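Everything below concerns the one structure shown next.
Keep in mind it's a predicted model, so treat the numbers as computed, not measured. Quick note: residue numbers are just sequence positions, from 1.
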Amino acid sequence: MNFLKNNFNDIEKIAHNKKDEYASASPFPHIVIDEFFNDKLLDGILKEFPNDLEKIGNNFNNKVENKLSLNNSKLLSEETNNFINFLNSQIFINFLQIVTGIKEKLVPDPYLLGGGLHELRNEGFLNVHADFNLHPGMKLDRRLNILIYL
């Protein structure tokens, strides 16, 4: 399956075109790319999105966030796992490397700590906060967050 929409096939060119936008964004470096991923793929992931995260996933309920998450790849669908594997691939990591201008080689997180699927339900929220900086298992600096809204 093609993970990106057809008009985004030259991902390296897009990265070079977006790096100034990323660097100059306020209040912190970021970019928003609408319609970047294949709609059929995202619709499939949404259709297979577990409806029982409160039972099989993690429940965060504190002053910073009230959300559910699932980062156990054994409990994710094949389509979701394939998409996450693409996001952790050399192709996508190189895209992030170019866009962000980070000099050190980026290393993806196969453990999905802080990653995977997240859901905000009624009364759910995310306040402004900083996620953990040091990966507890890999002992590497956590440098980027990628948010994909379904």
Side-chain angles (χ1 to χ4, degrees), residues 1-8 11 14-15 18-19 21-102 106-150:
M1 166 166 278
N2 190 3
F3 297 101
L4 303 174
K5 285 204 166 183
N6 288 337
N7 54 327
F8 291 111
I11 193 168
I14 294 159
K18 292 288 186 180
K19 65 183 181 180
E21 178 183 342
Y22 173 87
S24 64
S26 180
F28 50 82
H30 71 279
I31 56 170
V32 175
I33 305 175
D34 291 322
E35 304 292 322
F36 189 56
F37 297 107
N38 181 315
D39 287 335
K40 184 177 177 183
L41 168 78
L42 295 181
D43 288 344
I45 291 170
L46 185 58
K47 184 178 178 183
E48 296 174 354
F49 199 98
N51 60 6
D52 59 348
L53 285 185
E54 70 281 351
K55 295 177 186 169
I56 65 171
N58 308 300
N59 189 346
F60 298 91
N61 190 352
N62 53 51
K63 292 179 182 178
V64 174
E65 57 194 356
N66 181 8
K67 70 174 184 175
L68 302 168
S69 74
L70 179 63
N71 63 350
N72 184 342
S73 60
K74 293 178 187 175
L75 300 177
L76 301 174
S77 71
E78 181 178 355
E79 192 164 26
T80 300
N81 271 309
N82 287 339
F83 182 57
I84 290 171
N85 289 338
F86 169 73
L87 297 175
N88 284 325
S89 73
Q90 180 182 7
I91 292 169
F92 197 74
I93 297 299
N94 285 343
F95 167 79
L96 297 174
Q97 197 88 49
I98 294 167
V99 168
T100 62
I102 294 173
L106 294 172
V107 177
D109 177 13
Y111 305 101
L112 303 178
L113 291 182
L117 301 178
H118 295 254
E119 180 179 13
L120 295 178
R121 294 187 177 165
N122 290 341
E123 309 300 319
F125 62 86
L126 284 176
N127 285 329
V128 175
H129 67 283
D131 288 335
F132 59 88
N133 293 327
L134 186 67
H135 191 284
M138 296 167 53
K139 305 300 182 206
L140 296 172
D141 291 331
R142 189 165 186 227
R143 301 292 303 266
L144 295 172
N145 283 330
I146 309 301
L147 303 178
I148 301 167
Y149 292 93
L150 301 178

Tell me which donor-acceptor pairs under 3.5 Å the side chains of residues 50-60 have, and how far apart each pair is, sequence neighbours excluded?
from: Glu54; atom 1: OE1; to: Arg121; atom 2: NH1; distance (Å): 2.7
from: Glu54; atom 1: OE1; to: Arg121; atom 2: NH2; distance (Å): 2.9
from: Asn58; atom 1: ND2; to: Ser69; atom 2: OG; distance (Å): 3.3

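Between Tyr111 and Asp109 the shortest heavy-atom distance is N-OD1, 2.9 Å. Heavy-atom minimum distance, Glu119 versus Phe49: OE1-CE2, 3.8 Å. Across Arg142 and Leu113, no two heavy atoms sit closer than the pair NH2-O, 4.0 Å. What you find for Leu76 and Asn81 is that their closest heavy atoms are O-ND2, 3.3 Å. Nearest heavy-atom pair across His135 and Met138 is ND1-N, 2.9 Å.
Side-chain atoms of Gln97 come within 3.5 Å of backbone atoms of Leu106 as a donor-acceptor pair (strictly under, hydrogens ignored). Put simply, the side chain of Asp141 never gets that close to the backbone of Arg143: no donor and acceptor are under 3.5 Å apart. Within the 3.5 Å criterion, the main-chain N or O of Pro108 finds no donor-acceptor partner in the side chain of Asn88.
Using a 4.5 Å heavy-atom cutoff, the side chains of Leu4 and Asn2 are in contact. Proximity of Leu87 to Ile148: side-chain heavy atoms (C-beta onward) are separated by under 4.5 Å at one or more points. Proximity of Asn85 to Phe92: side-chain heavy atoms (C-beta onward) are nowhere separated by under 4.5 Å. Side-chain contact check for Leu120 versus Phe125: every heavy-atom pair is 4.5 Å or farther apart.
Distance CD1/Ile98 to CD1/Ile93: 12.0 Å, rounded to 0.5 Å. Within the model, atoms CG of Leu42 and NZ of Lys5 stand 8.5 Å from one another, a figure rounded to the nearest 0.5 Å. Atom CG of Leu144 sits about 4.0 Å away from atom CD1 of Ile102, to the nearest 0.5 Å. In this structure, the separation between OG1 on Thr80 and CG on Leu41 is 8.0 Å, given to the nearest 0.5 Å. We find the OG-CD distance between Ser73 and Glu78 to be 12.5 Å, quoted to the nearest 0.5 Å. In this structure, Asn38 CG and Asn6 CG are separated by 8.0 Å, a value rounded to the nearest 0.5 Å.
Annotation: Leu150, atom CG; neighbour count of heavy atoms from other residues, nucleotides and ligands within 6.0 Å is above 12. Around the CZ atom of Phe8, the shell of radius 6.0 Å holds more than 12 heavy atoms that belong to other residues, nucleotides or ligands.
By the salt bridge (charged side-chain N to carboxylate O under 4.0 Å, His left out) test, Lys19 pairs with no residue at all, sequence neighbours left out.
Phe37 pairs with exactly one of Phe3, Tyr149, Phe83 by the ring-ring contact (aromatic ring centres under 6.0 Å, His included) rule, that one being Phe83.
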